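Everything below concerns the one structure shown next.
None of the values given here were measured: they were computed from a predicted structure. Computed over heavy atoms, backbone and side chain alike; hydrogens, waters and symmetry mates excluded.
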Amino acid sequence: MKARTLKKDKVNIITMGCSKNLVDSEVLLSQLRGNGIDAHHESADRDNNIVIINTCGFIDNAKQESINTILEYAEAKEKGLVDKVYVTGCLSQRYKDDLEAEIPQVDAFFGTRDLPAILKRFKADYKHELVGERLLSHSAHYAYMKISEGCDRPCSFCAIPLMRGGHVSRPIEELVKEAKHKAAQGTRELLLIAQDSTYYGLDLYKKRQLPDLLRALSDVEGIDWIRLHYAYPTGFPLEVIDVMAERSNICKYLDIPLQHGSTEVLKVMRRGTTREKQEALIGEIRSRIPEIAIRTTLIAGHPGEQEKEFAEMVDFVERMRFERMGVFTYSHEEDTHAYGMEDHVPQEVKQDRANRLMEVQEQISFELNQQKIGRTYKVLIDKKEGGHFVGRTEFDSVDVDNEVLIDAGKHYCRVGDFVQVTITDATEFDLYGDVVSQ
């Protein structure tokens, strides 16, 4: 009798939301592959029979996108196009019971710290020898590095502690080991991420250890750029800026979400600071590194924000002249402190305020970019797109900041290489330039 052949499982991991979720997916991918399982990240092939969806539960739009993706694969399962659908991540952590009731086609829901339980479904073991080693889902020349998990801050609007739990730092030795592994794989840039990077080390070492972590990572051979994201302004250790000034491979770049420019709204937000303190902090940072690029994010339409408070935020942006800025509209999230307040700003007003802030920022960004024309910068090439090679200066992070566009008809660049580029033209969010040396 002819033996029946069993089709081998093939897993596709789909990631929604932020870079922190991307890191989690890359760790999962490494663990599955380390157990001999054929796993891929967002594979374009349609031959996978198992899907793992890593969801986002941060704000309404992200939640809806995650739900739509789950429903899409639940339908695919009903049609026999896939055998199993698993859901993990923030949305699953926060709404597990509701999702199980509403979408029974999903085989299992997991939380944000349930990696061993996911592996168990595949009869796989968590391999401790893979700690610090993960397969990247993009070009190897840059890599996100999650330095901690969770958050202890009490911000009124934020549901992250509900989904990610309390703050847990990763040991410096473990992060250095990961950095060395990445450098050996060809990584040139590390992007440090956390829910709150300012808090790093308080749980493990009983003091803020971000400066020491930066020094340790800066010593890793082969890492040309280290970039710091998500630094909470309250209690910010200014020694970080001194380390940044000392070390040439730490980018003169700081992502510091300030959230608002009105002291009254900051108080309602439970941010533990004032507009005056934020302005003083930015001033001190710029006095120590005048050329630094500061990225921030703001929220439009939080409870307590009237036209007066919004006007204060516009004035704040005009005074601070941030090099980079993003704006979210306030999302009324269940179980957060702000959920007990009246969500009094209509959505169209929130969006209008966000647009008005970005109009102010566009003009600032345009003026700052015009000052770059004629200057030469070290640029890391990320990709080739259309007729251009696309790269970034040390003052720009992946996906969210300015890009440098180089005419591919005039110059040839390799993805992952650094080149010297003289800027010839600039718009609000793009720089154009010619390669002068490689």
Side-chain angles (χ1 to χ4, degrees), residues 7-58 62 65-74 76-77 81-93 106-122 124-127 130-146 149 164 178 181-182 184-191 193 382-385 397-400 415-416:
K7 183 183 175 185
K8 190 179 178 186
D9 287 336
K10 185 173 182 181
V11 181
N12 190 21
I13 302 169
I14 296 164
T15 305
M16 322 294 294
C18 68
S19 54
K20 304 173 200 75
N21 264 14
L22 181 64
V23 170
D24 292 344
S25 291
E26 290 172 348
V27 170
L28 173 58
L29 179 64
S30 299
Q31 289 287 336
L32 290 172
R33 292 257 190 102
N35 278 275
I37 294 161
D38 189 8
H40 304 265
H41 185 263
E42 298 192 348
S43 170
D45 298 331
R46 295 287 180 174
D47 57 347
N48 53 278
N49 67 315
I50 299 175
V51 176
I52 302 173
I53 305 166
N54 190 358
T55 58
C56 178
F58 183 48
E65 187 180 2
S66 291
I67 290 167
N68 291 344
T69 302
I70 297 168
L71 291 171
E72 176 189 337
Y73 282 97
K77 183 185 172 187
L81 300 175
V82 295
D83 297 331
K84 292 187 184 299
V85 178
Y86 298 119
V87 175
T88 186
C90 292
L91 188 81
S92 184
Q93 173 78 32
V106 172
D107 293 272
F109 290 90
F110 301 94
T112 53
R113 299 187 183 183
D114 286 347
L115 176 59
I118 298 173
L119 294 173
K120 196 172 178 183
R121 287 277 171 160
F122 294 88
D125 299 317
Y126 182 80
K127 294 191 175 295
L130 292 177
V131 170
E133 300 184 20
R134 69 178 200 272
L135 297 166
L136 298 179
S137 56
H138 48 74
S139 299
H141 65 277
Y142 70 87
Y144 292 101
M145 174 182 277
K146 191 190 289 191
E149 182 60 276
R164 291 278 176 179
E178 180 177 333
H181 178 73
K182 288 286 164 286
Q185 287 182 319
T187 296
R188 315 288 297 275
E189 177 185 16
L190 292 176
L191 300 100
I193 58 173
D382 282 331
K383 59 190 173 182
K384 184 174 186 288
E385 197 169 77
S397 194
V398 178
D399 293 332
V400 293
V415 171

Practice problem: Could you go through the side-chain contact (heavy atoms from CB on, under 4.5 Å) check for R113 and E149 one step at a time? | Solution: CA-CA 10 Å; R113 299 187 183 183; E149 182 60 276; 3.4 Å; yes

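- F110 approaches S92 most closely through the heavy-atom pair O-OG, 2.7 Å.
- Using a 4.5 Å heavy-atom threshold, the side chains of Q31 and L115 count as touching.
- When all heavy atoms of G111 and Q93 are compared, the closest pair comes out as CA-OE1, 3.0 Å.
- Considering all non-hydrogen atoms of both residues, C56 and G17 come closest at CB-CA, 3.7 Å.
- Residue T88 is tested with T112, I52, D24, N21 for a side-chain contact (heavy atoms from CB on, under 4.5 Å); the sole match is I52.
- For K10, the NZ atom sits in a packed shell: over 12 heavy atoms of surrounding residues, nucleotides or ligands are nearer than 6.0 Å.
- Atom OG1 of T187 is separated from atom NE2 of H181 by 8.5 Å, given to the nearest 0.5 angstrom.
- The shortest non-hydrogen separation linking S397 to L191 is OG-CD2, 3.2 Å.
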Practice problem: Using the side-chain contact (heavy atoms from CB on, under 4.5 Å) rule, take Y86 and I118 through it: C-alpha gap first, then chi angles, then the decisive distance, then the call. | Solution: CA-CA 8 Å; Y86 298 119; I118 298 173; 5.8 Å; no

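- Using a 4.5 Å heavy-atom cutoff, the side chains of N48 and V51 are in contact.
- T15 contributes atom OG1, which lies 9.0 Å from atom CG of L28 (distance to the nearest 0.5 angstrom).
- To the nearest 0.5 Å, the span separating CZ on R33 from NE2 on H41 amounts to 11.0 Å.
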Exercise. Please step through side-chain contact (heavy atoms from CB on, under 4.5 Å) for the pair K182 and E189, ending with a clear verdict.
Key: CA-CA 9 Å; K182 288 286 164 286; E189 177 185 16; over 6 Å; no

Practice problem: Decide side-chain contact (heavy atoms from CB on, under 4.5 Å) for Y73 and V87; before the verdict, give the C-alpha distance in whole Å, the side-chain angles of both, and the deciding distance to 0.1 Å. | Solution: CA-CA 10 Å; Y73 282 97; V87 175; over 6 Å; no

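- Rounded to the nearest 0.5 angstrom, L22 CG and I13 CD1 are separated by 10.5 Å.
- With rounding to the nearest 0.5 Å, the separation of CD1 in I193 from SG in C18 is 6.5 Å.
- Checking side-chain atoms of N54 against main-chain N and O of I14 turns up no donor-acceptor pair under 3.5 Å.
- Electrostatic pairing of R121 and D107 does not count as a salt bridge here, judged by no charged N lying under 4.0 Å from a carboxylate O.
- Here the CG atom belonging to L71 is positioned 11.0 Å from the OG atom belonging to S66, to the nearest 0.5 angstrom.
- N35 places a side-chain N or O within donor-acceptor distance of the main-chain N or O of D125, the cut-off being under 3.5 Å.
- Judged by distance alone, the side chain of T55 and the main-chain N or O of L91 form a donor-acceptor pair under 3.5 Å.
- Side chain of N49 to backbone of D83: no donor-acceptor contact under 3.5 angstrom is found.
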